[in-house]
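Model, not experiment: these values are computed from the prediction.
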Amino acid sequence: MSAVPSATAPAPSSAVPSLTSVFVRLKLSLLRNGLRQSGGRTAAYVVSVVFGVLFAAGTLLAFVLVRGHENAGPVAILLTGVVALSWAVMPLFVPSGDETLDPSRLVMLPLLPRPLIRALLVASLVGIGPVLTLLLAFGAALSVAHGAAATVVAVLAVPLVAVTCVALSRAVAAANIRLLTSRKGRDLALLSGLVIAVGIQVVNFAAQRLSEPGGMDAVAPAATVVGWLPPAAAIGAVDAASDGDLVAAAARLLLTAAALAGLLYWWERSLVRLMVEPDGSTIGAAPDTGSRGKDGGTGFLGRVLPAGRTGTVMERSLRYVWRDPKTKAAWVTSLAIGLIVPLFNALQGAGSIYWACFASGMLGMLMYNQFGQDTSAFWMVAQTISTPADAYAELRARALALLAVTLPFTVLVTVLTAAFLGDWERLPEGLGLAFGLLGAMLATGAVASALFPYSIPQDSGYKNVVPGQAGLAWISIFGGMLVAAVLCAPLIGAAVSLHLAGHHSFLWLVLPAGALYGALLVWAGLRLAAPRTASRLPEILAAVSKG
């Protein structure tokens, strides 16, 4: 009797594709579908590709032109180090630049860490950035490669540089992904403009130093150090091989390879923690154990600030600086640029102690549009203002909160400028003028806040004025700065008169005079702004609530 089959045999299944190929196809599909969403996005992508290709072509041409030059090695090594640094900080300031590779989106998938790392790494190499990095590494290696041994090392070094840069970026992003997707991460994104501004100043300063005779001698020691830091060490290996030092070349290549292995391990551990550890959504709120200060203030601020309304308003203002993205960006920008401009001019030998007043001007601008910084929440503050005395107390506390930071910072910038210039004799004069300008800016800022309030939009990281109020912003800021300059004229005139009369021994009097004059201006400005604030509360509330 023939046997009866108990079940139909399953049909042979097709081969399961590798995880890496799946991720690469997913990246390409998401990129293609994203470009199909709008013509503007497609145009922006095409323009970025064109500019990227032009930049890469220009850089390659520059590397070809410096090939054989004695300084080709330091330039190639330093440029590779700058590129690697850009890859490291890019995730911190552009957290949403590549959402398709956000590892937090993969936590619910049954994927093993090592295959996932391999797939993510290969998929991360698909894009404009990695291709440009590969071309830059190729140009850097081309400029220093001489001989068969250096060519062999370059073949290994170029892809090693590109892969290490991408791995560095992804490891940093994975280690900080919960920060970058939170409010603090968005705060960092708002500061990206500051980083660009500071970077432009640094590049400008470096270009001026390099253009001077013997300028490359100043950066040669830095290139020696960076040449042993991965991934620039890979380009340093090509340079060492060209000089016949094969031992140093092998050591630098191995160092870069070890760094890549360490980055991959760090990336893997970050992914494991991300997938197995609970986040804030699954952890209960911690009990409030902060010590209470005067009038209910908490923590350090509650203990050191004065009692009453003054301390409460100061604490609120300082917490805005720390917590509100727009306010924080404005403060950090003013502090950084106010420090960089005087010091860079002093380092270039073209500065003077009077450049310290630039910091006072930048910090004084923070007093403008005080109520607009509160946005629609100003209605709560408005409920506490019914008389000019209430308005004066509110404005005075806001000015004190600003002075708590700006006064010591102004002293710091002025002292550092005098130290870099070696001009200690003019330190009292410069500090007095800076104090006077700071007082004038605070005084005009208080009045402008009452007369020309405008709303700051919260739905955009790049707009600081809502549509239709740009004129108010221009009048408030530039009109106030013009009046502040006029108010400083007596103090400046007194300093100039002492110089012209040759009474240099009395220039130290500008310091107490500037401090007293600045304090008098602040008091007068607050007194002038208080009644106008109290009488114009409905108009102020309507203006700042439009965003």
**Request:** Report the C-alpha separation of Leu442 and Leu403 in whole Å, then their side-chain angles, then the decisive distance to 0.1 Å, and conclude whether the side chain to side chain contact (heavy atoms under 4.5 Å, CB included) test is met.
**Result:** CA-CA 9 Å; Leu442 264 66; Leu403 287 171; 3.6 Å; yes
**Request:** Please test Phe435 against Leu516 for side chain to side chain contact (heavy atoms under 4.5 Å, CB included), starting from the C-alpha separation and ending with a verdict.
**Result:** CA-CA 9 Å; Phe435 284 160; Leu516 292 175; over 6 Å; no
**Prompt:** Yes or no on side-chain hydrogen bond (donor to acceptor under 3.5 Å, both in side chains) for Ser352 and Arg426, after CA distance, side-chain angles and deciding distance?
**Reply:** CA-CA 9 Å; Ser352 68; Arg426 296 192 179 185; over 6 Å; no
**Asked** Would Tyr392 and Thr533 count as a side-chain hydrogen bond (donor to acceptor under 3.5 Å, both in side chains) if you check the C-alpha gap in whole Å, the side-chain angles of each, and the deciding distance to 0.1 Å?
**Response** CA-CA 9 Å; Tyr392 177 78; Thr533 301; over 6 Å; no
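Residue Ala399 comes nearest to Met367 through the heavy atom pair CB-CE, 4.0 Å, listed as atom of the first residue, atom of the second, then distance. Closest approach of Thr410 and Leu431 over heavy atoms only: O-CD1, 4.2 Å. Summarising the geometry of Val510 relative to Ala495, their closest heavy-atom pair is CG2-CB, 4.2 Å, with the distance given to 0.1 Å. Nearest heavy-atom pair, Leu363 versus Phe409, reported as atom, atom and distance to 0.1 Å: CD1-CD2, 3.4 Å. The shortest heavy-atom contact between Pro531 and Pro388 is CA-CB, 4.0 Å. Listed here is the closest heavy atom pair of Ser455 and Val544: OG-O, 3.2 Å.
Considering only heavy atoms from C-beta on, Leu507 comes within 4.5 Å of His499 through its side chain. Contact check for Trp228 versus Ile77: no side-chain heavy atoms found under the 4.5 Å cut-off. Considering only heavy atoms from C-beta on, Phe452 stays 4.5 Å or farther from Asn369 through its side chain. Contact annotation: the side chain of Val496 approaches that of Ile492 to within less than 4.5 Å [non-hydrogen atoms, C-beta and beyond]. Using a 4.5 Å cut-off on side-chain heavy atoms (C-beta onward), Thr80 and Val161 make contact. Side-chain contact between Leu407 and Val411: absent, with no pair of heavy atoms (C-beta onward) separated by less than 4.5 Å. Counting only heavy atoms from C-beta outward, the side chains of Leu136 and Phe55 approach each other to under 4.5 Å. Side-chain contact between Leu509 and Leu498 is absent, with no heavy-atom pair separated by less than 4.5 Å.
How far OG1 of Thr133 is from CD1 of Ile128: 11.5 Å, rounded to the nearest 0.5 Å. Interatomic distance, Ile477 CD1 to Tyr454 OH, rounded to the nearest 0.5 Å: 3.5 Å. Between the CE atom in Met365 and the CG atom in Leu402 there is a gap of 12.0 Å [rounded to 0.5 Å]. Between the CD1 atom in Ile337 and the CE atom in Met362 there is a gap of 4.5 Å [rounded to 0.5 Å]. With values rounded to the nearest 0.5 angstrom, Leu395 atom CG is found 7.0 Å from Ser449 atom OG. Between atom CD1 of residue Ile235 and atom CG of residue Leu79 there is a gap of 9.5 Å, rounded to the nearest 0.5 Å.
With respect to Leu412, the side-chain contact (heavy atoms from CB on, under 4.5 Å) criterion is satisfied by exactly one of Leu416, Val415, Thr414: Leu416.
When only modelled atom types and interatomic distance are considered, Thr417 and Trp355 share no side-chain donor-acceptor pair under 3.5 Å. For the 3.5 Å distance criterion, the side chains of Glu429 and His504 fail to qualify, holding no donor opposite an acceptor.
A donor-acceptor pair under 3.5 Å is formed between the side chain of Arg536 and the backbone N or O of Ala450. Arg309 contributes a side-chain N or O that, together with a main-chain N or O of Thr384, makes up a donor-acceptor pair within less than 3.5 Å.
No more than 12 heavy atoms of other residues, nucleotides or ligands lie within 6.0 Å of CH2 in Trp508, so this atom counts as exposed by the packing criterion. Annotation for Glu425: atom CD does not count as buried by contact number, only 12 or fewer foreign heavy atoms lying within 6.0 Å.
Taking the six-membered ring where tryptophan is involved, the planes of Phe478 and Trp474 are essentially parallel, since the angle between them stays under 30° and well short of 60°.
Salt-bridge formation is detected for the pair Glu394/Arg316: a Lys NZ or Arg NE/NH1/NH2 atom is positioned less than 4.0 Å from an Asp or Glu carboxylate oxygen.
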